[in-house]
Amino acid sequence: MIVAPSLLSADFTRLGEEVEMINNSDADWLHVDVMDGVFVPNISIGFPVMRAVGRVLRKPMDVHLMIENPQNYISQTRDCGAAIMNIHQEACVHLDRAVSAIKAAGMKAAVTLNPSTPVVMLEDVIQELDMVLLMSVNPGFGGQAFIPGTIAKIGRLRELIERSGSKAVIEVDGGINERTGTDAARAGADAVVAGSFVFGAADPRQAIRTLKQL
């Protein structure tokens, strides 16, 4: 299992130490949530913090833009050191154009779906995607409970990927722990985002190792 700890749950008074923990862990990526208070009812970090993290991070940065008009920030996201740029299908009118621009900028292109958005919305772009992120909570806040219906949705997305010949990775974000991560893995997920389960653990690196073994 690919594991991407979510920076949103880190201790921001010790941000450098938290990033260094990720560097020295078995984590594959660092997931970074950017919220604008418009697309989601919360505001998180912006480009100055991302640039600072990018200077010391030795793992790929998986940037999840929970913002309106994410296509306007492709070059800024790349310049912060992002390896993967996640944009919401619901926030981007010209999705195919945005996906092409992300890839042209040298990043992997990922599209995120909210819990109420069906996977069929990606049918015409799935072959162009490197990853699809399924939200297993309603985006905006950490610490929420996993939405059980996500398990069946993972299966529907896996079917679409296989039917289309896409190489897209399936990532799941929200309420991930050992139990829900196991369920997601069995349903066909390739990657999980974990915030509270990792950064709230007595031994965060052991929590990451637990998820890696799913």
Can you list the steps and then say if Asn42 with Met66 is a side chain to side chain contact (heavy atoms under 4.5 Å, CB included)? CA-CA 10 Å; Asn42 197 8; Met66 292 182 255; over 6 Å; no

I'd like to know if the side chain of Thr117 pairs up with that of Glu90 as donor and acceptor (distance under 3.5 Å, no hydrogens or angles considered). yes

Show your working on salt bridge (charged side-chain N to carboxylate O under 4.0 Å, His left out) between Asp62 and Lys108 and close with a plain yes or no. CA-CA 9 Å; Asp62 173 24; Lys108 290 185 177 180; over 6 Å; no

Do Asn86 and Met131 touch side chain to side chain, with heavy atoms closer than 4.5 Å? yes

Closest heavy-atom contact between Thr182 and Leu214? OG1-CD2, 3.2 Å

For a 4.5 angstrom cut-off between non-hydrogen side-chain atoms, does Leu7 reach Ile45? yes

Non-hydrogen side-chain atoms of Lys103 and Val99 separated by less than 4.5 Å: yes

Evaluate the side-chain proximity of Ile208 to Leu211: yes if any heavy-atom separation is below 4.5 Å, no if none is. no

Do Gln76 and Asp79 have side-chain atoms, one donor and one acceptor, less than 3.5 Å apart? no

Checking side chain to side chain contact (heavy atoms under 4.5 Å, CB included) for the pair Ile2/Glu171: CA distance, chi angles, key distance, verdict? CA-CA 8 Å; Ile2 297 168; Glu171 185 177 43; over 6 Å; no

Nearest heavy-atom contact between Ser196 and Ser9 is N-OG, 3.3 Å

Val63 and Met85: CA distance, side-chain angles, deciding distance, side chain to side chain contact (heavy atoms under 4.5 Å, CB included) verdict: CA-CA 5 Å; Val63 175; Met85 182 171 171; 5.5 Å; no

Could you tabulate the donor-acceptor pairs under 3.5 Å formed by side-chain atoms of residues 183-190, not counting sequence neighbours?
{"residue": "Asp190", "atom": "OD1", "partner": "Arg158", "partner atom": "NH2", "Å": "3.3"}
{"residue": "Asp190", "atom": "OD2", "partner": "Arg158", "partner atom": "NH2", "Å": "2.8"}
{"residue": "Asp190", "atom": "OD2", "partner": "Ile170", "partner atom": "N", "Å": "2.8"}

Quick one: are Asn138 and Ile147 in side-chain contact, heavy atoms under 4.5 Å? yes

When you look at Asp203 and Arg209, which way does the side chain to side chain contact (heavy atoms under 4.5 Å, CB included) test go after all the steps? CA-CA 10 Å; Asp203 186 345; Arg209 285 193 292 270; 4.2 Å; yes

For Trp29 and Pro5, which heavy atoms make the closest approach, and how far apart are they? O-CD, 3.1 Å

Can you confirm whether more than 12 heavy atoms, excluding those of Glu159, are under 6.0 Å from its CD atom? no

Closest heavy-atom pair, Leu65 versus His88, reported as atoms and distance to 0.1 Å, is O-CD2, 3.7 Å

Can you see which heavy atom on Pro118 is nearest to which on Leu113, and at what distance? O-CD1, 3.9 Å

Could you point out which residue of Val137, Leu133, Val192 forms a side chain to side chain contact (heavy atoms under 4.5 Å, CB included) with Asp173? Leu133

Asp33 and Ser6: side chain donor to acceptor below 3.5 Å: yes

Check whether any side-chain heavy atom of Glu68 lies under 4.5 Å from a side-chain heavy atom of Phe39, and answer yes or no. yes

Check Val119 against Arg156 and note the closest heavy-atom contact, atom names and distance. CG2-CB, 3.9 Å

Met135 and Val38: same hydrophobic cluster, using ILVMFWY side-chain contacts below 4.5 Å? no

Side chain to side chain, Glu18 and Ile22, heavy atoms closer than 4.5 Å: no

Ile176 and Val193, any side-chain heavy atoms less than 4.5 Å apart: no

